[in-house]
Protein chains: 2
Amino acid sequence: MAVLELVGQKWMLRILWELRDAPLTFRALRARCDNVSPTVLNQRLAALREAGLVELGDEGYEPTELCRGLGDILPQLTDWSRRWEKERPAPADED
Amino acid sequence: MAVLELVGQKWMLRILWELRDAPLTFRALRARCDNVSPTVLNQRLAALREAGLVELGDEGYEPTELCRGLGDILPQLTDWSRRWEKERPAPADED
DNA sequence: TATGAGTGCTACATAAAGCGTAGCAAATGG
DNA sequence: CCATTTGCTACGCTTTATGTAGCACTCATA
């Protein structure tokens, strides 16, 4: 389960999530990720590119064919996320 | 997609993954997670418990009913992980 | 040629998070 | 009383992330 160590890193799921629909430029992607520092974003993108999950095309960064499988999984994660937000015990105060 | 910020943290997916089958004690879970430092493990478990995703039963930590939905998703992540390991471009040397 | 806006990406100092080890308090069993 | 196991914390140190600034490059317009 080596992929857990990859996508388990901070911002990884978020990055892949933001790239799910359309390609995004470095700066646009950064903006979508709450302005994550470019240092980290670059590190993550480098790892994703080395893993063959993301590539830099003419219109920006986009998931590769190899990454597409995640496209079926992430929506389920969204679904589950919605269920969780409805049924979770104490919303408490998270920002 | 607040859940991404939760499970996107380091060790989160791994922790949930290790709890998928049977309950694990704090120490056992720690052992399975490459002996992650107890400080972090405790932080993560606290977050998971506050989110109502994990609880501490008689036999150790275990996912709650609310968390079970992930049980259908994580195996797919495994599947995808296996595909990825077969088809990825350059295994290179990652440790 | 130049100027301006966009791109990917890097440098730097500071802040935050994680790590490894040791150990505590409580519960359990001899 | 002692040993074992439990969940969990404290400590000092290393690693990682943050935020801001800016570089080198490309493209379009003038």
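Keep in mind that this is a model prediction, so the values were computed, not measured. Letters go in sequence order (proteins before strands), and every chain restarts at 1.
You'll find that the side chain of A/F26 is closest to C/dC9, out of C/dA17, C/dC19, C/dC9. For A/R44, taking side-chain heavy atoms from C-beta onward, the closest of the listed nucleotides D/dA17, C/dA17, C/dG20 is D/dA17.
Contact annotation: A/W11 side-chain N/O to D/dT16 OP1/OP2 distance is not under 4.0 Å. An OP1 or OP2 oxygen of D/dT20 is reached within less than 4.0 angstrom by no side-chain nitrogen or oxygen of A/R30.
Atom CZ of residue A/R30 and atom CG of residue A/N35 lie 5.0 Å apart, to the nearest 0.5 angstrom.
A residue-by-residue look at B/Q43 and A/L45 shows that A/L45 has its nearest nucleotide of DNA chain C further toward the 5' end. Nearest-nucleotide positions on DNA chain C place A/Y61 closer to the 5' end than the other of A/Y61 and B/S37.
Whole-Å rounding puts the B/M12 CE to C/dA17 P distance at 13 Å. Atom CG in A/N42 sits about 15 Å away from atom P in D/dT16, given to the nearest Å.
The residue A/T25 sits close only to the backbone: its heavy atoms come under 4.0 Å of sugar-phosphate atoms, none of a base. Residue-level contact check: A/V40 touches the bases, meaning some heavy atom is under 4.0 Å from a base atom.
With hydrogens and angles ignored, no donor-acceptor pair closer than 3.5 Å exists between the side chain of A/R27 and the base of C/dG6.
When all heavy atoms of A/A51 and A/L66 are compared, the pair lying nearest together is O-CD2, 4.1 Å.
The residue from B/L41, B/L45, B/V36 that alone fulfils the side chain to side chain contact (heavy atoms under 4.5 Å, CB included) condition with B/W11 is B/V36.
The closest side-chain heavy-atom distance from A/E5 to B/D34 is below 4.5 Å.
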